[in-house]
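Read through the structure below, which is laid out as structure tokens, and then see the notes.
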2 protein chains.
Amino acid sequence: MVVRGDVYDRNCPTRVIANHATGQWGSLVLGKLLDDGGGTKRFSELRREVSGISEKMLAQTLQALERDGLVHREVHPVIPPRVDYSLTALGTHAAKQISELFGWIEENLPSFMAAQDEYDARRAEKV
Amino acid sequence: MVVRGDVYDRNCPTRVIANHATGQWGSLVLGKLLDDGGGTKRFSELRREVSGISEKMLAQTLQALERDGLVHREVHPVIPPRVDYSLTALGTHAAKQISELFGWIEENLPSFMAAQDEYDARRAEKV
DNA sequence: TCGGGCGCTAACTATTCGTAAGTACCTACC
DNA sequence: GGTAGGTACTTACGAATAGTTAGCGCCCGA
């Protein structure tokens with residue numbers, strides 16, 4: 001009787017949410033929003049801090065995360081326009097997990113690079 | 001002097017690895033490989049268990065994960081062909097983090113669905 | 001002998017993505 | 001006073017990426 005998702009089922013809505021949260025841009029946006037301890041960030045701040053993201057993808061990503069209830073969006077009707085983004089309780093939990101994983105990957109970069117070199121070397125000698 | 005990655009830098013190799021590990025298919029493959037406690041899984045097992053993945057994407061995903069040193073690939077030269085995939089030490093750690101996040105998302109599916117409904121309702125009334 | 005499974009790969013197509021521009025308004029500078 | 005820049009987006013279009021289909025050589029069970 002319990003309602004529980006299953007990411008391994010292609011028809012489960014869980015998978016869509018997982019993709020938003022762990023996707024290329026979603027994960028980075030969540031990570032950056034966590035950075036300043038649950039504070040708020042503006043659209044243009046995120047654009048600058050998440051290097052390489054386009055305005056289109058940032059807008060699209062933020063909308064998906066907002067719909068999933070991971071991010072809170074607050075519009076201030078002033079000129080120039082000002083919109084603040086922050087993590088919800090749900091979003092904070094997700095962001096912490098992602099951020100932890102990313103931190104671990106960053107620390108272990110040398111191991112990954114070594115693995116890649118080894119792989120490429122093995123490939124080269126077999127050809 | 002410390003070599004450490006930065007996922008927020010578009011030129012850092014860390015980002016590529018993060019994308020492989022958290023991407024749509026990579027994350028699910030890692031999760032499934034973790035499922036049987038570090039055992040091995042065959043190509044066709046993964047294809048069946050990760051619902052919706054195509055053979056092309058599974059092959060591509062496994063190659064990327066192998067190159068990054070997250071997955072170990074062992075070929076048995078028998079007929080019919082048999083290839084076993086398993087997690088490396090690096091991969092096990094990553095898979096645990098992903099799996100934890102996915103489990104949490106699965107448990108909280110109702111919260112996410114509620115957030116989406118609320119978002120959609122707000123949208124509808126404003127139009 | 002016919003279908004199916006094994007682990008891929010190659011060719012083709014649909015979908016998504018990134019790039020560049022436009023929007024409407026304001027501030028600062030020369 | 002005219003131009004350059006900043007705000008938060010949206011739209012249009014070409015490029016990259018993902019998914020679909022088919023094929024490979026070999027074997028097994030029906």
Side-chain angles (χ1 to χ4, degrees), chain A residues 8-11 15-29 32-33 40-67 71-86 119 122-123 126-127, chain B residues 8-11 15-29 32-33 40-67 71-86 119 122-123 126-127:
Chain A
Y8 299 104
D9 177 2
R10 67 184 305 178
N11 297 318
R15 195 178 275 188
V16 181
I17 294 160
N19 285 160
H20 292 161
T22 67
Q24 168 167 215
W25 300 123
S27 57
L28 292 173
V29 167
K32 267 299 169 193
L33 283 173
T40 69
K41 277 204 187 290
R42 303 184 57 178
F43 186 89
S44 50
E45 275 183 282
L46 288 168
R47 175 168 40 83
R48 277 189 298 269
E49 294 177 8
V50 179
S51 131
I53 196 170
S54 66
E55 299 195 338
K56 174 191 163 190
M57 288 315 293
L58 180 55
Q60 212 170 98
T61 302
L62 285 167
Q63 281 165 14
L65 294 178
E66 190 198 353
R67 191 173 109 95
V71 160
H72 176 70
R73 179 172 180 266
E74 192 158 7
V75 186
H76 302 279
V78 295
I79 286 172
R82 178 190 179 89
V83 182
D84 285 335
Y85 291 94
S86 58
Y119 180 91
R122 243 179 299 137
R123 286 252 124 182
K126 279 192 180 164
V127 175
Chain B
Y8 299 106
D9 177 3
R10 68 184 306 180
N11 297 318
R15 195 179 274 187
V16 181
I17 295 160
N19 286 160
H20 292 160
T22 67
Q24 170 167 213
W25 300 122
S27 57
L28 292 173
V29 167
K32 269 298 170 194
L33 284 173
T40 70
K41 277 204 187 287
R42 305 183 55 176
F43 187 89
S44 49
E45 273 183 285
L46 287 168
R47 175 167 43 83
R48 276 189 299 269
E49 294 177 7
V50 179
S51 129
I53 197 170
S54 66
E55 300 194 338
K56 174 192 164 192
M57 287 316 293
L58 180 54
Q60 213 170 96
T61 301
L62 285 168
Q63 280 166 14
L65 294 177
E66 190 197 355
R67 190 173 109 95
V71 160
H72 175 71
R73 178 169 181 268
E74 192 157 8
V75 186
H76 303 279
V78 296
I79 285 171
R82 178 191 179 91
V83 183
D84 285 334
Y85 291 95
S86 57
Y119 180 92
R122 243 179 298 137
R123 287 252 123 181
K126 280 191 180 166
V127 175

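Each chain gets a letter, A, B and so on, in the order the sequences are listed, and its residues count up from 1. Values in this document were obtained by computation on a predicted structure and should not be read as measured data.
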Could you pull out all residues at least two apart from [X] that satisfy side chain to side chain contact (heavy atoms under 4.5 Å, CB included)?
{"X": "B:Arg73", "answer": "B:Glu66, B:Val75, B:Val83, B:Tyr85"}
{"X": "A:Arg82", "answer": "A:Arg42, A:His76, A:Val78, A:Asp84"}
{"X": "A:Gln24", "answer": "B:Asn19"}
{"X": "A:Gln60", "answer": "A:Lys56, A:Met57"}

At less than 4.0 Å, is any side-chain N or O atom of [X] found next to OP1 or OP2 of [N]? Yes or no.
{"X": "B:Arg48", "N": "C:dG5", "answer": "no"}
{"X": "A:Ser44", "N": "D:dA8", "answer": "yes"}
{"X": "A:Arg47", "N": "D:dT7", "answer": "yes"}
{"X": "A:Arg42", "N": "D:dT7", "answer": "no"}

Have a look at A:Gln63 and say if it touches a base, only the backbone sugar-phosphate, or nothing, with a 4.0 Å heavy-atom cut-off.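 Sugar-phosphate, backbone atoms only, no base.
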Can you list everything that forms a side-chain hydrogen bond (donor to acceptor under 3.5 Å, both in side chains) with A:Arg15? Sequence neighbours excluded, please.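 For A:Arg15, no residue satisfies side-chain hydrogen bond (donor to acceptor under 3.5 Å, both in side chains) once neighbours in sequence are set aside.
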I need the [atom1]-[atom2] distance between [X] and [N], as an integer number of Å.
{"X": "A:Leu62", "N": "D:dT10", "atom1": "CG", "atom2": "P", "value": "11 Å"}
{"X": "B:Leu58", "N": "D:dT20", "atom1": "CG", "atom2": "C1'", "value": "16 Å"}
{"X": "B:Arg73", "N": "C:dG7", "atom1": "CZ", "atom2": "P", "value": "10 Å"}
{"X": "A:Phe43", "N": "D:dA8", "atom1": "CZ", "atom2": "P", "value": "7 Å"}

If you define the side chain from C-beta out and look only at heavy atoms, does anything of A:His20 sit under 4.5 Å from A:Val16?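 A:His20 reaches A:Val16 side chain to side chain.
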Along nucleotides 17-25 of chain C, 5' to 3', which nucleotides get a B, which get an S, and which get a -, given that the test is a protein heavy-atom distance under 4.0 Å? BBB-----S
